[in-house]
Amino acid sequence: MISPNRFATWSFFLITLSLMVAFVRPVFPQDSDADLYGAACAACHGFDGSGNLPAQLGFDVGVPDFTDCDFAAREPDADWYAVIHDGGPVRGFDRMMPAFGQALTGEQIQQILDHVRTLCTDEDWPPGEFNLPRSLFVEKAYPEDEAVITTTIQGEGQDSLTHEFLWEYRFGARSQVEVSLPLHIAELKGTEGREKGFGDLELGLKHNLKYDKQRGTILSVGGELILPSGDESRGFGKGTAVFEPYVAWGKILPRDSFFQLQGLLEFPTESGFDNELGLKGVFGRTWTTDGPFGRAWTPMLGVLGSKELESGGNTHWDLVPQLQVTLNTRQHVTGSFGFRIPATDSSTRETQFVFYLLWDWFDGGVLEGW
Ligand code: HEC
């Protein structure tokens, strides 16, 4: 039998130990997320994450403000993980942002990242993970600051080349406006050489309704107004204004794959034109080369359907195999190319070769970060 004395000693010992675990550890949390951040990052980024001034730092590169949601929310975890692990240059930033891959374990980097994520406190801003790769033809749900030049080449039939200039500007947490203008260059019947002319001007508005981090889904609505500024007689314009409301939905799938869907209606304002229903989907997956932090390649397969909403109206289906690749180290300049292949009535519609160059201008100048 245990003597009462021993019992008292053991009880005292166990109670003290429990109290130490319960109270003392949280008072000196050696490895809490915030403490790790404080030890490794605060000297430059500040304890509150808003960044110390260059004068205080002793070098002239500014540090980003992690409390600014407009900046912080749009950067996906994977990019920041890469920068913390390998240092600024891995994403085309300054080497004053040191590499912590040797000093910290992957788990500790994740803990620090979790802490940095608490610094932007406004949940209204959809996280950058939802900014899925831009496909040809399917509008993404995420509001963006982007400039895109898309070139479409049609070799057979009416030999033509179209460059479309698109400017997207994000405002507030969830909205975006855009304007685009195509420049058509075509060899027309009965004319010598190539004819040139601007096409129909498009104005657009997009708003993100909701996103769900658990399910990995994002839903937005938008509308485009297409104005008949192009010369219809030369095939450079539709000859009617068109209003095009749409719904855009995105879903993050396991293993860096994703699905994007867009449903739209086209209402021409003049009679003699058919209303149309469009349904577009794209599935893709991203692979990174040169280690996990290198160039990103995203092959995608798109399916485009459109139906004229009159009785006996035609339905068209197209397939769009395509490949997007990040061109520079910062990954804010990307390129993509693909083919739009008619799957139905291919005798009357031609295959098009399409490619774009995209610049996410919020992330820096077009010549920065190569
Ligand atoms: C010696 C100073 C210094 C330390 C220490 C430091 N950073 Fe930085 N960090 C910088 C500078 C300077 C930049 C900006 C580089 C640029 O814009 O070219 C930067 C940029 C970043 C970025 C890139 C943001 C973007 O623009 O996408 C992230 C993320 C970041 N730091 C996280 C951290 C974390 C987390 C730690 C701690 C583990 C840390 N930094 C420690 C100086 C530092």
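All ligand and atom numbering here is 1-based and tracks the order in the structure. Every heavy atom of this structure was used, including side-chain atoms; hydrogens, water molecules and symmetry mates were not.
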- Give the single entry among Phe71, Tyr81, Phe100, Phe66 that approaches atom 32 (C) of ligand 1 most closely by any heavy atom. Phe66
- For atom 35 (C) of ligand 1, which protein heavy atom lies nearest, and how many Å away is it? Ile84 CD1, 3.4 Å
- List every atom of ligand 1 that sits less than 4.0 Å from any heavy atom of Gly62, numbering the atoms from 1 in the order shown and giving each element. 14 (C)
- Are any of the side-chain heavy atoms of Glu139 and Glu178 separated by less than 4.5 Å? yes
- Query: If you measure from each heavy atom of Pro98 to ligand 1, is any distance below 4.0 Å?
  - Reply: yes
- Item | Ring geometry between Phe243 and Phe267 (parallel below 30°, tilted from 30 to 60°, perpendicular above 60°) | parallel
- Identify the closest protein heavy atom to atom 26 (O) of ligand 1: which residue and atom is it, and at what distance? Phe93 CZ, 3.3 Å
- Item | Nearest-contact summary for atom 27 (O) of ligand 1 - protein heavy atom, Å | Trp80 NE1, 3.1 Å
- Mark up the atoms of ligand 1 that fall under 4.0 Å of a heavy atom belonging to Cys44, in ascending order. 1 (C), 2 (C), 3 (C), 4 (C), 5 (C), 42 (C), 43 (C)
- Nearest-contact summary for atom 11 (C) of ligand 1 - protein heavy atom, Å: Val63 CG1, 3.5 Å
- Message: As a check for students: among Met97, Met96, Arg74, identify the option with a heavy atom nearest to atom 30 (C) of ligand 1.
- Response: Met97
- Task: May I ask you to identify the nearest protein heavy atom to atom 23 (C) of ligand 1, giving residue, atom name and distance to one decimal place in Å?
- Result: Val83 CG1, 3.9 Å
- Task: List every atom of ligand 1 that sits less than 4.0 Å from any heavy atom of Pro64, numbering the atoms from 1 in the order shown and giving each element.
- Result: 13 (C), 14 (C), 19 (C), 20 (C), 24 (C)
- Item | Winner among Ala39, Cys41, Pro76, Gly38 once heavy atoms are compared against atom 34 (C) of ligand 1 | Cys41
- Is there a side-chain contact between Glu276 and Glu244 (heavy atoms, below 4.5 Å)? no
- Aromatic ring pairing Phe66/Tyr37, orientation class (parallel under 30°, perpendicular over 60°, tilted between): perpendicular
- Task: Assess Ala43 for proximity to ligand 1: is some non-hydrogen atom of it under 4.0 Å away?
- Result: no
- Hey, what's the ring geometry for Tyr211 with Phe130, parallel, tilted or perpendicular (30° and 60° as the breaks)? tilted
- Query: Do Phe165 and Trp359 have their ring centres less than 6.0 Å from each other?
  - Reply: no
- So Tyr169 and Trp361, would you call those rings parallel, tilted or perpendicular, with 30° and 60° as cut-offs? parallel
- Is the charged tip of Arg340 near the ring of Phe137: under 6.0 Å from the six-membered ring centre and within 45° of its axis? yes
- What's the shortest distance from atom 7 (N) of ligand 1 to any protein heavy atom, and which residue and atom give it? His45 NE2, 2.8 Å
- Query: Can you check whether Val242 reaches Phe273 side chain to side chain, under 4.5 Å on heavy atoms?
  - Reply: no
- Query: With only distance considered, is Asp94 within less than 3.5 Å of ligand 1 through an N or O on each side?
  - Reply: yes
- Task: Report yes if some heavy atom in the side chain of Glu144 is under 4.5 Å from a heavy atom in the side chain of Phe362; otherwise report no.
- Result: no
